[in-house]
Amino acid sequence: AVLMALVENGYHTQAFEFYDEMLKNNIFPDDNTLSFVIDACVQTKNVEKSKKIYQIALKLNPNGFTTYLHSKIVVMFIRLDDMDSARAVF
């Protein structure tokens with residue numbers, strides 16, 4: 001809920017910091033949490049962070065993504081004009 005509120009209210013830097021703290025404290029994001037971080041990446045045009053988010057999502061989902069998360073990741077890369085990454089994920 002905190003991460004959602006930060007992203008929806010434009011506090012992207014704080015959202016990234018909160019997300020990073022979650023990971024440091026071994027609190028692993030679910031699809032909804034990743035979705036909000038993905039939204040923050042798109043809104044800030046943060047390609048570097050988006051690739052890190054993708055790598056974390058891969059580690060957390062070794063058997064594949066849900067359709068929801070898979071779509072969010074592909075669309076994220078498209079919106080960031082990173083067509084090579086979008087194709088690779090697709």
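Predicted model only: the values in this text are computed from it and were never measured. Sequential numbering from 1 along the given sequence is applied to the chain's residues.
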Could you please spell out the steps behind the side chain to side chain contact (heavy atoms under 4.5 Å, CB included) verdict for F77 and R87? CA-CA 9 Å; F77 285 127; R87 280 188 204 99; over 6 Å; no
Using the side chain to side chain contact (heavy atoms under 4.5 Å, CB included) rule, take S85 and Y54 through it: C-alpha gap first, then chi angles, then the decisive distance, then the call. CA-CA 10 Å; S85 294; Y54 173 61; over 6 Å; no
Given side chain to side chain contact (heavy atoms under 4.5 Å, CB included), test I56 with K59 step by step and report yes or no. CA-CA 5 Å; I56 290 167; K59 288 179 186 175; 5.6 Å; no
When you look at F90 and I73, which way does the side chain to side chain contact (heavy atoms under 4.5 Å, CB included) test go after all the steps? CA-CA 9 Å; F90 187 74; I73 292 170; over 6 Å; no
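At least one side-chain heavy atom of Y19 sits less than 4.5 Å from a side-chain heavy atom of I53. At a threshold of 4.5 Å between non-hydrogen side-chain atoms, the residues M76 and D82 do not count as touching. Counting heavy atoms from C-beta outward, V37 and P29 have side chains that stay 4.5 Å or more apart.
Taking CE from M22 and OG1 from T33, the interatomic distance works out to 5.0 Å, rounded to the nearest 0.5 Å. To the nearest 0.5 Å, atoms CG (N9) and CD (Q14) are separated by 10.5 Å. Between the OG1 atom of T13 and the CZ atom of F18 there is a distance of 15.0 Å, given to the nearest 0.5 Å.
Taking N26 as the reference, F28 meet the side-chain contact (heavy atoms from CB on, under 4.5 Å) condition, with sequence neighbours excluded.
The side-chain contact (heavy atoms from CB on, under 4.5 Å) with D31 is formed by just one residue from the set T67, L60, T66, I38; it is T66.
The backbone N or O of N32 lies less than 3.5 Å from a partner atom in the side chain of D30, making a donor-acceptor pair.
V75 and L80 fall into different hydrophobic clusters, where Ile, Leu, Val, Met, Phe, Trp and Tyr residues are linked whenever their side-chain heavy atoms come under 4.5 Å apart, directly or through other members.
Taking each heavy atom of V7 and A15 in turn, the nearest pair found is CG2-CB, 3.7 Å.
For the side chain to side chain donor-acceptor pair (under 3.5 Å) condition, the pairs that include at least one residue of residues 34-48, sequence neighbours left out, are H12-Q43, S35-Y68, S35-K72, D39-K72, E48-K52.
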